[in-house]
2 protein chains.
Amino acid sequence: MVTTQAESVLRGSPYRADCPTRHILDRVGDRWTVLIVGALWDGNARFSELRRRIEGVSQKMLTQTLRGLERDGLVHRTVHPEVPVRVEYTLTEAGRTLREPLRALQEWAITHLGDVSASQEDYDHANRPLSDSTDRDK
Amino acid sequence: MVTTQAESVLRGSPYRADCPTRHILDRVGDRWTVLIVGALWDGNARFSELRRRIEGVSQKMLTQTLRGLERDGLVHRTVHPEVPVRVEYTLTEAGRTLREPLRALQEWAITHLGDVSASQEDYDHANRPLSDSTDRDK
DNA sequence: CAGCATCCTACTTGATACTG
DNA sequence: CAGTATCAAGTAGGATGCTG
């Protein structure tokens with residue numbers, strides 16, 4: 001704990017277990033975070049709207065992730081006290097700045113999807129799983 | 001399973017549960033992946049070297065993540081059959097292209113760390129956890 | 001509608017022991 | 001040194017039922 005935190009924050013510090021950037025990466029790395037930011041890309045959306053847009057997200061995870069994003073100041077939550085409650089979510093200023101790096105990442109993913117899949121097949125083919133000695137293709 | 005995969009790969013598809021970009025995001029979002037790529041930033045490293053650089057990673061997780069990265073074609077593994085075996089890891093061409101988006105992300109994290117922490121404190125202060133009515137600061 | 005609380009499973013991770 | 005194998009434990013996440 002004698003490490004120079006101030007300096008360590010600026011460079012390769014995430015290797016230190018206590019580095020706070022890890023928390024950020026955890027949040028960003030979260031599957032739903034990325035998708036939610038994407039779903040709020042161009043404007044606001046209500047809860048049920050997000051739920052519909054993001055296929056496969058459970059109500060629990062959506063709520064949970066949104067709360068986390070709100071806590072981190074990346075998403076703003078507005079409650080309209082109407083008869084059936086209406087809640088709208090928007091990206092905050094900070095949240096909008098996150099779109100860029102995430103977009104870059106997604107773009108990378110799309111670009112390299114093919115290569116990765118191909119590599120995986122090669123790998124799986126080379127390192128035969130647990131099949132018996134007969135060389136049958138799966 | 002009647003969805004048009006080909007098309008869905010090209011745009012906002014990650015919202016579809018079956019979209020393969022999710023797998024990529026899972027990999028990228030992985031805590032250790034980011035750190036390993038960072039550790040291999042400028043050159044190669046041996047197993048034990050990585051283990052030392054990346055504080056907090058268990059031998060199992062390191063192996064596992066490296067295997068995953070190798071399978072995805074992002075990291076290359078070279079075994080030197082010397083007396084005490086020596087294994088070196090390097091980023092592949094594809095792996096190197098990943099550095100940029102990851103660097104952007106890390107930069108974002110560093111830049112916004114303060115804001116996020118501040119926001120978290122505000123949030124936690126506003127939404128008092130489960131303390132009793134007395135307003136004692138924890 | 002939007003969300004909270006509870007239960008319960010399944011995957012992830014760590015610790016430990018052993019090997020080429 | 002660089003792993004593999006195994007087991008125990010923690011946690012994320014889904015399903016369900018209830019509420020302002």
Side-chain angles (χ1 to χ4, degrees), chain A residues 17-18 22-23 25-36 39-40 44-71 75-90 123-124 126-130, chain B residues 14-15 17-18 22-23 25-36 39-40 44-71 75-90 123-124 126-130:
Chain A
D18 58 330
R22 284 223 183 155
H23 170 263
L25 288 176
D26 281 355
R27 172 141 292 310
V28 166
D30 181 47
R31 166 192 238 118
W32 304 121
T33 295
V34 182
L35 298 177
I36 288 175
L40 293 174
N44 49 1
R46 326 181 31 172
F47 186 84
S48 49
E49 217 172 321
L50 288 173
R51 203 174 167 185
R52 244 175 295 113
R53 283 197 207 173
I54 304 172
E55 189 172 298
V57 69
S58 67
Q59 173 269 328
K60 182 186 179 179
M61 280 302 99
L62 184 53
T63 304
Q64 196 169 296
T65 310
L66 282 169
R67 286 292 173 284
L69 287 169
E70 190 191 357
R71 192 173 102 100
V75 156
H76 184 66
R77 178 170 176 269
T78 318
V79 182
H80 300 273
E82 305 171 352
V83 193
V85 192
R86 184 165 59 98
V87 180
E88 296 222 312
Y89 292 93
T90 350
Y123 187 94
D124 293 344
N127 312 36
R128 268 321 160 102
L130 293 160
Chain B
Y15 308 107
D18 59 329
R22 283 223 183 154
H23 169 262
L25 288 176
D26 281 356
R27 171 141 294 309
V28 166
D30 181 51
R31 167 193 238 117
W32 304 121
T33 294
V34 182
L35 298 177
I36 289 175
L40 292 174
N44 48 1
R46 334 181 22 173
F47 186 83
S48 49
E49 216 172 321
L50 288 173
R51 202 173 168 188
R52 247 175 293 113
R53 284 197 207 173
I54 303 172
E55 190 170 299
V57 69
S58 69
Q59 173 270 333
K60 180 184 179 180
M61 279 303 99
L62 184 54
T63 303
Q64 195 169 296
T65 310
L66 282 169
R67 285 294 174 282
L69 287 169
E70 191 192 356
R71 192 174 104 101
V75 156
H76 184 67
R77 178 169 175 268
T78 318
V79 182
H80 300 273
E82 305 172 351
V83 195
V85 193
R86 185 165 57 98
V87 180
E88 296 221 312
Y89 291 93
T90 349
Y123 187 93
D124 293 344
N127 311 36
R128 268 319 160 104
L130 293 161

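Chain A is the first sequence line, chain B the second, and so forth, proteins listed ahead of strands; every chain is numbered from 1.
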With side-chain contact (heavy atoms from CB on, under 4.5 Å) as the test, would you mind laying out the steps for A/Leu66 and A/Phe47 before giving the verdict? CA-CA 9 Å; A/Leu66 282 169; A/Phe47 186 84; 4.0 Å; yes
Which atom pair, heavy atoms only, marks the closest approach of A/Arg27 to A/Gly68? NH2-CA, 3.4 Å
What range of DNA chain D does chain B touch, first nucleotide to last, counting atoms under 4.0 Å from its heavy atoms? D/dC1 to D/dT6
Output one letter per nucleotide in nucleotides 1-8 of chain C: B when a protein non-hydrogen atom lies under 4.0 Å from the base, S when only the sugar-phosphate is that close, - when neither is. SSBB----
Just report the end-to-end axis angle for the helix from C/dC1-D/dG20 to C/dG20-D/dC1, five pairs per end, to 10 degrees. 50°
What closest approach, in Å, do B/Asn44 and B/Thr90 show between heavy atoms, and which atom pair accounts for it? CB-CG2, 3.9 Å
Nearest atoms (heavy-atom pairs only) where A/Ala45 meets A/Arg53: CB-NH2, 4.1 Å
Heavy atoms only: give me the nearest B/Val34-B/Val28 pair and the separation to one decimal. CG2-O, 3.2 Å
Which heavy-atom pair separates A/Glu55 from A/Trp32 by the least distance, and what is that distance? O-CZ3, 4.4 Å
For A/Val57 and A/Ile54, which heavy atoms make the closest approach, and how far apart are they? CG1-O, 3.1 Å
Between A/Leu62 and A/Leu50, is the side-chain contact (heavy atoms from CB on, under 4.5 Å) condition met? List the steps. CA-CA 8 Å; A/Leu62 184 53; A/Leu50 288 173; 4.0 Å; yes
Start with the C-alpha distance between A/Asp30 and A/Thr65, add both sets of side-chain angles, then the distance that settles side-chain contact (heavy atoms from CB on, under 4.5 Å), and finish with yes or no. CA-CA 9 Å; A/Asp30 181 47; A/Thr65 310; 3.6 Å; yes
Out of A/Met61, A/Gln59, A/Lys60, which residue meets the side chain to side chain contact (heavy atoms under 4.5 Å, CB included) rule with A/Thr63? A/Gln59
